[in-house]
Amino acid sequence: MHKIIISKGNRKVPYPNISLTPVKACANHQECKTSCYARKAYRQYPNVRKAWDNNLNIAETNPVNYFSQVNEFLTQKKPDFFRWHVAGDILNKAYLQGMISLANRHSDTKFLAFTKRYDLTYRSIPKNLSIVMSVWPGMPTPTQKLPRAYMQDGSETRAKNAFPCPGNCEGCGLCWYLHKIGKNVVFKKH
(Lines give C-alpha, C1' and ligand atoms only; values in the text may rest on other atoms or scores of the structure.)
Protein backbone atom coordinates (compact mmCIF):
# COMPACT_ATOMS: atom_id res chain seq x y z
CA MET A 1 0.00 0.00 0.00
CA HIS A 2 1.32 3.43 -0.93
CA LYS A 3 1.61 5.93 1.89
CA ILE A 4 0.50 9.53 1.70
CA ILE A 5 2.91 12.17 2.91
CA ILE A 6 1.65 14.75 5.38
CA SER A 7 3.97 17.67 6.05
CA LYS A 8 4.63 18.65 9.66
CA GLY A 9 4.60 22.28 8.56
CA ASN A 10 7.21 24.99 8.17
CA ARG A 11 7.97 28.53 9.33
CA LYS A 12 5.13 30.04 7.34
CA VAL A 13 2.49 27.33 7.84
CA PRO A 14 3.48 25.62 11.11
CA TYR A 15 0.66 23.09 11.04
CA PRO A 16 0.29 19.62 9.56
CA ASN A 17 -0.84 19.82 5.95
CA ILE A 18 -1.29 17.69 2.88
CA SER A 19 -0.61 18.90 -0.63
CA LEU A 20 -1.13 17.74 -4.20
CA THR A 21 0.69 18.50 -7.46
CA PRO A 22 0.24 22.20 -8.24
CA VAL A 23 -1.59 23.09 -11.48
CA LYS A 24 -2.24 19.40 -12.28
CA ALA A 25 -4.50 19.15 -9.21
CA CYS A 26 -6.07 22.56 -9.78
CA ALA A 27 -9.14 22.65 -12.02
CA ASN A 28 -9.37 26.45 -12.15
CA HIS A 29 -5.75 27.45 -12.73
CA GLN A 30 -5.64 29.49 -15.92
CA GLU A 31 -5.05 32.90 -14.30
CA CYS A 32 -2.71 31.71 -11.56
CA LYS A 33 -0.55 28.93 -13.02
CA THR A 34 2.29 31.18 -14.21
CA SER A 35 2.48 32.96 -10.82
CA CYS A 36 1.84 29.92 -8.62
CA TYR A 37 4.19 30.02 -5.65
CA ALA A 38 3.78 26.28 -5.11
CA ARG A 39 5.20 25.54 -8.57
CA LYS A 40 8.48 27.11 -7.47
CA ALA A 41 8.82 24.72 -4.52
CA TYR A 42 7.67 21.86 -6.75
CA ARG A 43 10.46 22.55 -9.25
CA GLN A 44 13.11 23.42 -6.67
CA TYR A 45 12.80 20.54 -4.19
CA PRO A 46 12.77 16.94 -5.52
CA ASN A 47 11.43 15.56 -2.21
CA VAL A 48 8.50 18.01 -2.31
CA ARG A 49 7.75 17.09 -5.94
CA LYS A 50 7.82 13.38 -5.08
CA ALA A 51 5.54 13.83 -2.05
CA TRP A 52 2.95 15.97 -3.84
CA ASP A 53 2.89 13.71 -6.92
CA ASN A 54 2.55 10.67 -4.67
CA ASN A 55 -0.36 12.21 -2.76
CA LEU A 56 -2.17 13.14 -5.98
CA ASN A 57 -1.67 9.67 -7.39
CA ILE A 58 -3.19 8.04 -4.31
CA ALA A 59 -6.05 10.58 -4.11
CA GLU A 60 -6.95 9.93 -7.76
CA THR A 61 -6.45 6.16 -7.93
CA ASN A 62 -7.57 5.12 -4.44
CA PRO A 63 -9.47 7.92 -2.68
CA VAL A 64 -10.75 5.56 0.04
CA ASN A 65 -7.15 4.71 0.95
CA TYR A 66 -6.15 8.39 0.76
CA PHE A 67 -8.82 9.58 3.19
CA SER A 68 -8.32 6.53 5.40
CA GLN A 69 -4.65 7.47 5.81
CA VAL A 70 -5.50 11.12 6.55
CA ASN A 71 -8.01 9.85 9.13
CA GLU A 72 -5.35 7.62 10.69
CA PHE A 73 -2.97 10.58 10.97
CA LEU A 74 -5.65 12.76 12.57
CA THR A 75 -6.64 9.99 14.98
CA GLN A 76 -3.05 9.37 16.09
CA LYS A 77 -1.71 12.94 16.18
CA LYS A 78 -4.87 14.83 17.19
CA PRO A 79 -3.61 18.14 15.77
CA ASP A 80 -5.34 21.36 16.80
CA PHE A 81 -5.05 22.58 13.19
CA PHE A 82 -4.82 20.85 9.80
CA ARG A 83 -4.39 22.58 6.44
CA TRP A 84 -5.62 21.13 3.18
CA HIS A 85 -3.50 21.95 0.13
CA VAL A 86 -0.58 24.26 0.55
CA ALA A 87 -0.34 23.12 -3.09
CA GLY A 88 -3.15 21.69 -5.17
CA ASP A 89 -6.89 22.01 -4.67
CA ILE A 90 -10.09 20.12 -3.99
CA LEU A 91 -10.22 17.56 -6.79
CA ASN A 92 -13.96 17.01 -7.11
CA LYS A 93 -17.23 16.66 -5.23
CA ALA A 94 -16.26 13.27 -3.74
CA TYR A 95 -12.97 14.73 -2.48
CA LEU A 96 -14.86 17.59 -0.80
CA GLN A 97 -17.17 15.04 0.82
CA GLY A 98 -14.08 13.26 2.18
CA MET A 99 -12.86 16.51 3.70
CA ILE A 100 -16.27 17.15 5.27
CA SER A 101 -16.44 13.61 6.64
CA LEU A 102 -13.04 13.95 8.30
CA ALA A 103 -13.95 17.33 9.80
CA ASN A 104 -17.10 15.76 11.25
CA ARG A 105 -15.11 12.83 12.69
CA HIS A 106 -12.40 15.08 14.17
CA SER A 107 -14.40 17.90 15.70
CA ASP A 108 -11.50 19.00 17.95
CA THR A 109 -9.32 19.80 14.92
CA LYS A 110 -9.74 23.02 12.95
CA PHE A 111 -9.38 22.51 9.19
CA LEU A 112 -8.59 25.13 6.55
CA ALA A 113 -8.74 24.95 2.76
CA PHE A 114 -8.26 27.70 0.18
CA THR A 115 -9.89 26.80 -3.12
CA LYS A 116 -10.49 28.01 -6.63
CA ARG A 117 -13.18 25.35 -7.15
CA TYR A 118 -16.03 27.78 -7.72
CA ASP A 119 -18.04 25.02 -9.41
CA LEU A 120 -18.63 22.97 -6.26
CA THR A 121 -21.50 23.39 -3.81
CA TYR A 122 -20.38 24.07 -0.27
CA ARG A 123 -23.31 22.93 1.85
CA SER A 124 -23.20 21.22 5.21
CA ILE A 125 -19.69 22.46 5.94
CA PRO A 126 -18.86 21.69 9.59
CA LYS A 127 -17.98 24.67 11.80
CA ASN A 128 -14.44 23.34 12.20
CA LEU A 129 -13.80 23.38 8.42
CA SER A 130 -13.05 26.81 6.98
CA ILE A 131 -13.38 26.94 3.19
CA VAL A 132 -11.96 30.14 1.68
CA MET A 133 -12.46 31.11 -1.97
CA SER A 134 -9.10 32.01 -3.52
CA VAL A 135 -9.44 34.93 -5.93
CA TRP A 136 -6.64 36.02 -8.28
CA PRO A 137 -6.67 38.99 -10.65
CA GLY A 138 -8.42 38.03 -13.88
CA MET A 139 -10.54 35.33 -12.24
CA PRO A 140 -14.28 35.78 -11.99
CA THR A 141 -15.70 36.74 -8.63
CA PRO A 142 -17.01 33.64 -6.85
CA THR A 143 -20.73 33.54 -6.13
CA GLN A 144 -20.46 31.39 -3.01
CA LYS A 145 -21.14 33.15 0.28
CA LEU A 146 -17.79 32.12 1.73
CA PRO A 147 -14.78 34.14 2.86
CA ARG A 148 -12.33 35.14 0.16
CA ALA A 149 -8.57 35.31 -0.09
CA TYR A 150 -7.45 37.86 -2.67
CA MET A 151 -4.04 37.69 -4.28
CA GLN A 152 -2.73 41.22 -4.62
CA ASP A 153 -0.27 41.93 -7.40
CA GLY A 154 -1.14 45.62 -7.55
CA SER A 155 -4.10 45.15 -9.88
CA GLU A 156 -6.72 43.56 -7.60
CA THR A 157 -9.52 46.03 -6.80
CA ARG A 158 -12.25 43.71 -5.48
CA ALA A 159 -10.84 43.08 -2.00
CA LYS A 160 -13.44 44.40 0.42
CA ASN A 161 -13.74 43.93 4.18
CA ALA A 162 -10.28 42.36 4.09
CA PHE A 163 -7.16 42.52 6.21
CA PRO A 164 -3.61 42.04 4.88
CA CYS A 165 -1.94 38.73 5.66
CA PRO A 166 1.04 39.37 7.97
CA GLY A 167 2.87 36.39 6.42
CA ASN A 168 2.93 33.96 9.34
CA CYS A 169 0.02 31.70 10.30
CA GLU A 170 1.31 31.02 13.79
CA GLY A 171 1.47 34.71 14.67
CA CYS A 172 -1.98 35.49 13.23
CA GLY A 173 -4.23 32.50 12.58
CA LEU A 174 -7.24 34.56 11.47
CA CYS A 175 -7.72 32.61 8.22
CA TRP A 176 -8.93 29.66 10.29
CA TYR A 177 -11.78 31.86 11.57
CA LEU A 178 -12.70 34.05 8.56
CA HIS A 179 -16.11 32.42 8.33
CA LYS A 180 -16.78 33.29 11.98
CA ILE A 181 -15.48 36.86 11.95
CA GLY A 182 -17.01 37.78 8.59
CA LYS A 183 -13.74 38.98 7.04
CA ASN A 184 -11.68 38.37 3.91
CA VAL A 185 -7.89 38.35 3.58
CA VAL A 186 -5.42 39.79 1.08
CA PHE A 187 -2.14 38.04 0.27
CA LYS A 188 0.64 39.97 -1.45
CA LYS A 189 2.03 38.17 -4.48
CA HIS A 190 5.17 36.30 -3.46
Side-chain angles (χ1 to χ4, degrees), residues 7 9-15 17-45 48-49 51-53 55-56 59-60 81-93 95-96 99-100 110-123 125 129-190:
S7 171
N10 58 35
R11 274 185 328 146
K12 190 171 180 180
V13 183
Y15 307 110
N17 59 80
I18 191 161
S19 289
L20 307 171
T21 308
V23 179
K24 188 174 181 184
C26 303
N28 187 6
H29 64 266
Q30 293 310 310
E31 285 80 11
C32 59
K33 70 180 177 182
T34 57
S35 299
C36 177
Y37 70 91
R39 284 181 67 201
K40 180 180 176 184
Y42 182 80
R43 287 189 305 264
Q44 193 171 8
Y45 304 107
V48 168
R49 183 172 45 254
W52 294 353
D53 287 346
N55 290 345
L56 178 60
E60 289 182 327
F81 297 92
F82 185 87
R83 166 88 185 269
W84 292 99
H85 316 127
V86 170
D89 205 340
I90 300 168
L91 297 177
N92 51 42
K93 182 179 177 180
Y95 190 98
L96 175 62
M99 293 168 59
I100 291 169
K110 290 177 183 52
F111 296 87
L112 174 64
F114 294 92
T115 186
K116 295 177 189 81
R117 289 301 307 254
Y118 300 175
D119 60 323
L120 296 176
T121 302
Y122 297 94
R123 292 193 185 107
I125 302 295
L129 173 56
S130 182
I131 302 285
V132 181
M133 294 284 112
S134 182
V135 185
W136 286 51
M139 293 180 76
T141 301
T143 59
Q144 293 86 345
K145 302 291 184 205
L146 292 168
R148 297 175 185 167
Y150 294 93
M151 192 282 281
Q152 184 55 267
D153 65 355
S155 68
E156 182 58 67
T157 60
R158 297 170 291 176
K160 306 286 187 251
N161 192 28
F163 65 91
C165 172
N168 184 310
C169 290
E170 191 171 40
C172 175
L174 287 178
C175 288
W176 300 86
Y177 303 97
L178 292 175
H179 62 295
K180 290 182 180 178
I181 63 174
K183 294 278 188 182
N184 298 309
V185 64
V186 176
F187 293 98
K188 285 185 182 177
K189 181 179 177 181
H190 59 282

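Position 1 is the first residue of the sequence, and the numbers go up from there. Heavy atoms only: backbone and side chains are in, while hydrogens, waters and symmetry mates are out.
- Ring geometry for Y15 against F81 counts as tilted: the plane angle lies between 30° and 60°, on a 0 to 90° scale.
- Between M133 and Q144, the shortest heavy-atom distance links the atoms SD-OE1, 3.7 Å.
- A donor-acceptor pair is defined here as one N or O able to donate and one able to accept, closer than 3.5 Å; such a pair exists between the side chain of R117 and the backbone of L91.
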**OP:** Could you walk me through whether I90 and N92 pass side chain to side chain contact (heavy atoms under 4.5 Å, CB included), step by step?
**Re:** CA-CA 6 Å; I90 300 168; N92 51 42; over 6 Å; no
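- Between the R148 side chain and the T141 main chain, no donor and acceptor come within less than 3.5 Å of each other.
- Taken to the nearest 0.5 Å, the SG atom of C175 stands 13.0 Å off from the NZ atom of K183.
- Contact between G9 and N17 at its shortest, heavy atoms only, is CA-ND2, 3.8 Å.
- The two atoms that bring K160 and Y150 nearest to each other are N-CE1, 4.3 Å, heavy atoms only.
- Atom OH of Y177 is separated from atom NE2 of H179 by 9.0 Å, given to the nearest 0.5 angstrom.
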**OP:** Could you give me the CA-CA distance, side-chain angles and deciding distance for Y118 and V135, then say whether side chain to side chain contact (heavy atoms under 4.5 Å, CB included) is met?
**Re:** CA-CA 10 Å; Y118 300 175; V135 185; 3.6 Å; yes
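- Between the side chain of D53 and the main chain of T21, no donor-acceptor pair closer than 3.5 Å is present.
- Judged as a salt bridge (charged side-chain N to carboxylate O under 4.0 Å, His left out), and not counting sequence neighbours, the contacts of R158 are E156.
- S19 and N55 get closest at one heavy-atom pair: O-ND2, 3.0 Å.
- In terms of the side-chain contact (heavy atoms from CB on, under 4.5 Å) criterion, residue partners of K93 (sequence neighbours excluded) are, by chain and number, L120.
- Scanning for ring-ring contact (aromatic ring centres under 6.0 Å, His included) contacts around Y95 gives Y66, F67, H85, with sequence neighbours left out.
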**OP:** Take V132 and L146 through the test side chain to side chain contact (heavy atoms under 4.5 Å, CB included) and record every step on the way to the result.
**Re:** CA-CA 6 Å; V132 181; L146 292 168; over 6 Å; no
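- Looking at every heavy atom in both residues, Q152 comes nearest to V186 through CB-CG1, 3.6 Å.
- Summarising the geometry, atom CG belonging to L174 is positioned 12.5 Å from atom NZ belonging to K180; distances are rounded to the nearest 0.5 Å.
- Two residues are said to be in side-chain contact when any heavy atoms from C-beta on lie closer than 4.5 Å; F82 and I18 meet this criterion.
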**OP:** Could you please spell out the steps behind the side chain to side chain contact (heavy atoms under 4.5 Å, CB included) verdict for R83 and F114?
**Re:** CA-CA 9 Å; R83 166 88 185 269; F114 294 92; 3.4 Å; yes
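- When all heavy atoms are compared, the tightest approach of P147 to L178 is CB-CB, 3.6 Å.
- Once rounded to the nearest 0.5 Å, the distance linking CE of M99 with OH of Y122 reads 8.0 Å.
- Atom CG of D89 sits about 3.5 Å away from atom OG1 of T115, to the nearest 0.5 Å.
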Original post:
Yes or no on ring pair (Phe, Tyr, Trp, His ring centres under 6.0 Å) for F187 and W136, after CA distance, side-chain angles and deciding distance?
Top reply: CA-CA 10 Å; F187 293 98; W136 286 51; 9.8 Å; no
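- Interatomic distance, M139 CE to M151 CE, rounded to the nearest 0.5 Å: 10.0 Å.
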